[in-house]
Number of protein chains: 2
Amino acid sequence: MTVTIKDVAKRAGVSPSTVSRVLSNHPRISLETSRKVKEIMEEMGYHPNMMAKSLVSKTTNSICIILPKPAEELFSNLFFMELIRGIVTQAGRSGFDVLISSGANEKEELEAVSRLLKGRRVDGVILLYSRKDDSVIDFLESNGYPFVLVGRSDRYENILSVDNDNVMAAFDATNHLITMGHERIGFVSGPPNLIVSRDRLAGYQKAMEESGLEIRPEWIVEGEFLQDSGYRAMSFFMNLPNRPTALLVVDDMISFGVLRGLNELKYTVPQDLALVGFNNIPLSELSSPPISSIDIGIYHLGYTASQVLIQAIQQPDKDIGYTNRFIIPHRLIVRESSMYSPGRK
Amino acid sequence: MTVTIKDVAKRAGVSPSTVSRVLSNHPRISLETSRKVKEIMEEMGYHPNMMAKSLVSKTTNSICIILPKPAEELFSNLFFMELIRGIVTQAGRSGFDVLISSGANEKEELEAVSRLLKGRRVDGVILLYSRKDDSVIDFLESNGYPFVLVGRSDRYENILSVDNDNVMAAFDATNHLITMGHERIGFVSGPPNLIVSRDRLAGYQKAMEESGLEIRPEWIVEGEFLQDSGYRAMSFFMNLPNRPTALLVVDDMISFGVLRGLNELKYTVPQDLALVGFNNIPLSELSSPPISSIDIGIYHLGYTASQVLIQAIQQPDKDIGYTNRFIIPHRLIVRESSMYSPGRK
DNA sequence: CTGTTAGCGCCTTCAT
DNA sequence: ATGAAGGCGCTAACAG
């Protein structure tokens, strides 16, 4: 049924070793033989058996992605799919396959990772989240397995990671609003345990301070009100005395909730409240009005993560510690939601 | 470095076969030995080498997903991610790993599939698209490889597939609008080469005909105007003499474009035009107004596809031809965008 | 019940 | 430049 090296060898009248050498472009092999063998391989439809190859080479040419559990996905599926696309594309170019896995809880995740790595099914791992303490990272690190984190961890310093400069991104976004003439700017955050939320908050604060603008605690909202509560949250917010004229929102998905709340309350964006979001999901430009957003290069993030991981797999020595964090550039996309300059009061 | 069966055997004072038997829960093995071996495995941190296992068993316990190329993804990333989640979850429960792959064009796709299958890296394939003629399907079918199609193909009749009844779904959606009192109903379609577009169009037409309502060709629009052209398309549409009072939109993503166009033209939904979409993406309920949508159970679609494929892999005899199409139920989610009954004229 | 033997398909010495 | 032999880690006969 299956065509093996042996078969090809027999048919070509040479030894299996010779065929094997042809396969690996061995230098010491006659051009004549090489040509003939290749022809026969083609003719017989030979395909190398990856499993056998892996068994002897102790390498699998594949990596795996650990999806976060649904609970943690504030940043929607859009985000992950785009990331995966980047990863898969780059991995493909390097001749790597991508395996995708997830677990219902951290324990299951750890089991899966352990099985895949110890069972020699993959050579390395891409982690798509950043938790505070993470048994998976502990496992990977203490066993010396190659892995890269998409995001940032402040507990683990010297691990490979690919991330945006979220502080700077928020800084830029805030300054954009300030430049537009806003002085009272609020911030809608995501789950506070996500590092990205904290980083963006920090960038916002930094920009406000550097411009000598006031930050009031009640201007900072934690935005888990994706669904129904968008209305109430915005209602509270808009009724503040001396309310903000602009809002930085940590994720475009949340922006939609905000927008919805504002709409129900009959407020107009950007006149009553200007908006700038993050992540620039495809729908950001389709909403009414289109939302200004920081594009963080999600595809690029995935592409780079894959590249970095594969490099680490192939040359396990290069990470000397000072080039371990890779920063993907961001850029602000200005749309209608922030194209309005408030008059002074 | 790696702990093998041999090592465990030596340490336990038994033969490798015995250890292997313990691993596979062989019946004829003393309880005593079994316990001891298991203990030692635990203690030595033994993990079976998947590659070696695959090599001898000629089975990989993994499947692969072929992503469509970006060009074909009218139905956004949201759709695919949700699908993948369903697939990965179910596969995990059956002890299968999921590999994900894609190609820049059909030729590359075919190469990838061929490499994975002939190279014995995966046992079967899930196809996430339905094209008219497909060299990948031809390849899979003629080689007798297990695969399942998410979607429908009218060229290939007897292949395993998981799909919605899109005709019925569109029928239901249209009837909902009719029940609400609409008589002039339009249809925004997707790319005409996608079967799902055609099926939904058919369901719409059926419902209209059965209710004795008129269908005008100019009421049927091909909706590739996601981005900028939403405005112009809607402008054309709303200026029709005797224009529709309701619109069926083939995908929620497109609904956003429509909504945006309407907004710019100062029309109100649902008063000026009622809207019902498909796929019920998470954002459908966050838009202003929230969009009524047919939920097609994307996760369920993926979950079932995985289940069907794995079953086909494990018992390659069962598909006798009359149970090859699996239909996932849909349901209409009514929201504001269709909660308005137009007065008669 | 347990041990021995022989591969799965490939690669890598070691000879020639 | 090519062949022969041994082994990667595991399973599946075949013997006891």
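A, B, ... follow the sequence lines: proteins, then strands. Residue 1 opens every chain. Quantities reported herein were computed from a predicted structural model and do not represent experimental measurements.
- By the 4.0 Å N-to-carboxylate-O rule, D97(A) lies too far from R121(A) to be salt-bridged with it.
- For the pair M51(A) CE and dT11(D) P, the interatomic distance rounds to 14 Å; values are reported in whole Å.
- Between S30(A) and dT2(D) there is a side-chain polar atom (N or O) within less than 4.0 angstrom of OP1 or OP2.
- Evaluation of atom-type donor-acceptor distances gives a pair under 3.5 Å for the side chain of S17(B) against the base of dT4(C).
- T33(B) comes within 4.0 angstrom of sugar-phosphate atoms only, judged by non-hydrogen atoms across all strands, and of no base.
- As judged by a 4.0 angstrom heavy-atom cut-off over every strand, T4(B) is placed among residues touching the sugar-phosphate backbone only.
- Of the candidate nucleotides dC10(C), dA4(D), dT2(C), dT2(C) has the atom nearest to the side chain of T18(B).
- The CZ-P distance, from R121(A) to dC10(D), rounds to 14 Å in whole Å.
- Nearer the 5' end of DNA chain C, as judged by each residue's closest nucleotide, is the contact made by R21(B), out of A52(B) and R21(B).
- At whole-Å resolution of the value, CD1 in I5(B) and C1' in dT2(C) are 15 Å apart.
- In this structure, N25(B) atom CG and dC1(C) atom C1' are separated by 16 Å, rounded to whole Å.
- Toward the 5' end of DNA chain C, the nearer of the two residues L55(B) and L31(B), judged by each one's closest nucleotide, is L31(B).
- Put simply, CE on M41(A) is 11 Å from P on dC10(C), counting in whole angstrom units.
- Contact check on E111(B) versus K107(B) returns a salt bridge, with a Lys/Arg side-chain nitrogen under 4.0 Å from an Asp/Glu carboxylate oxygen.
- Nearest heavy atoms, F80(B) versus P68(B): CZ-CG, 3.3 Å.
- Separating the NZ atom of K6(B) from the C1' atom of dT4(C) is a distance of 13 Å, rounded to the nearest angstrom.
- Annotation for A9(B) and S15(B): closest pair CB-C, 3.7 Å, computed over non-hydrogen atoms.
- Across the protein-nucleic acid pair, K36(A) atom NZ and dT2(D) atom P stand 9 Å apart, rounded to whole Å.
- Around the NZ atom of K118(A), the shell of radius 6.0 Å holds more than 12 heavy atoms that belong to other residues, nucleotides or ligands.
- Rounded to whole Å, the distance from CD on E32(A) to C1' on dA1(D) is 13 Å.
- At a threshold of 4.0 angstrom between heavy atoms, the contacts of P48(B) are confined to the sugar-phosphate backbone, with no base atom among them.
- Among the heavy atoms of the strands lying under 4.0 Å from K58(A) are primed sugar atoms or P, OP1, OP2 only; no base atom is included.
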